Amino acid sequence: MKKCIIFDMDGTLWDSSASVLAAGNEVIEKKLGIKNYLNQDIMNQVMGLEIEEIADIYFPQLNRDERLKLTLECLENENKYISKHGGILYEGVEETLEKLSQKHDLMIVTNAQDGYVEAMFAAHPLKKYFKDYETHGRTGLVKGENIKLIMRRNHYDHAYYVGDTMKDFEACEFAGIPMIYASYGFGKVEKAWKTINQFSELLDLFEGM
């Protein structure tokens with residue numbers, strides 16, 4: 001039976017933090033005159049968060065409107081930068097997606113800004129493996145709602161979600177679907193349905209189901 005497998009992006013399919021840092025720091029240096037404002041520690045805090053949550057961590061010294069405006073400028077530049085420079089795909093991602101997509105419908109749901117998925121597709125030839133995708137930036141919905149939305153849109157009553165953070169786990173609980181925890185990513189999840197230590201392990205997991 002064909003299955004619906006939904007993927008997170010950061011910490012699951014790839015690590016884009018170097019490009020995110022470079023793009024964000026370009027904007028911040030131009031707007032605030034501060035060099036190298038963002039660093040890897042900040043990146044580790046914001047991976048998987050919604051846009052307003054990222055703004056709160058990036059710029060706590062600014063008022064709400066100012067920090068959201070500046071964060072959106074960083075994210076817009078991020079899309080442009082990633083489209084050209086890409087990120088680091090985890091080992092075996094493309095080969096595994098190719099094999100999975102032959103038997104199952106693959107989709108993406110991420111808390112990222114609108115245009116982020118397209119930016120990844122521009123830099124890496126992965127679009128052909130995915131049937132559909134959705135982002136928090138496009139809908140304004142929390143991840144759990146976006147999971148339910150993409151399942152309805154593609155006529156699935158059941159799905160599996162592959163992610164790496166507690167945000168992903170909470171979204172799966174909300175949507176009523178099992179989470180496959182990517183332990184190599186940015187977060188720590190202890191109560192996931194299954195755990196994978198490398199991306200290619202999905203082949204064995206779904207082969208036996």
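The chain is numbered in sequence order, starting from 1. Given the structure is predicted, the values throughout are model-derived calculations rather than measurements.
More than 12 heavy atoms of other residues, nucleotides or ligands shown are found within 6.0 angstrom of CD on Gln102. A 6.0 Å sphere centred on NZ of Lys131 holds more than 12 heavy atoms belonging to other residues, nucleotides or ligands. For CD of Gln40, the number of neighbouring non-hydrogen atoms (other residues, nucleotides, ligands) closer than 6.0 Å is greater than 12. The environment of CZ in Arg153 is crowded: more than 12 heavy-atom neighbours from other residues, nucleotides or ligands sit within 6.0 Å. Residue Asn63 places its CG atom among more than 12 non-hydrogen atoms of other residues, nucleotides or ligands, all under 6.0 Å distant.
Each of Asp10, Leu38, Ile54 was compared with Val46 under the side chain to side chain contact (heavy atoms under 4.5 Å, CB included) criterion, and only Ile54 meets it. Applying the salt bridge (Lys or Arg N to Asp or Glu O under 4.0 Å) test between Lys31 and each of Glu26, Glu66, Glu73 identifies Glu73 as the sole match.
Between atom NZ of residue Lys99 and atom CD of residue Glu94 there is a gap of 12.0 Å, rounded to the nearest 0.5 Å. Atoms CG and OH, on Asn79 and Tyr116 in that order, are 8.5 Å from each other to the nearest 0.5 Å. Rounding to the nearest 0.5 angstrom, the gap separating the CE atom in Met47 from the OG atom in Ser17 is 4.5 Å. Once rounded to the nearest 0.5 Å, the distance linking CE of Met151 with CG of Leu149 reads 11.0 Å. The distance from the OH atom of Tyr184 to the CD atom of Glu91 is 11.0 Å, given to the nearest 0.5 Å.
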- Message: The test is side chain to side chain contact (heavy atoms under 4.5 Å, CB included); show your working for Leu32 and Phe59 and say whether it passes.
- Response: CA-CA 11 Å; Leu32 300 182; Phe59 308 112; 4.3 Å; yes
- Mind running side chain to side chain contact (heavy atoms under 4.5 Å, CB included) on Ile108 and Met120 for me, showing each step along the way? CA-CA 12 Å; Ile108 291 173; Met120 181 180 73; 3.9 Å; yes
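In the hydrophobic cluster analysis, where Ile, Leu, Val, Met, Phe, Trp and Tyr join through side-chain heavy atoms closer than 4.5 angstrom, Phe206 is grouped together with Leu106. Cluster membership check: Leu100 shares its hydrophobic cluster with Tyr133, using side-chain heavy-atom separations under 4.5 Å among Ile, Leu, Val, Met, Phe, Trp and Tyr. Ile6 and Phe199 are members of different hydrophobic clusters when ILVMFWY side chains are connected at heavy-atom separations under 4.5 Å.
Two rings, from Tyr129 and Phe7, have their centers 6.0 Å or more apart. The ring of Trp193 has its center closer than 6.0 angstrom to the ring center of Tyr160.
In this structure, Lys148 satisfies the cation-pi test against Phe174, with its NZ or CZ atom closer than 6.0 Å to the six-membered ring centre and inside 45 degrees of the ring normal.
Taking all atoms of both residues into account, the shortest heavy-atom contact from His158 to Cys4 is O-CB, 3.9 Å.
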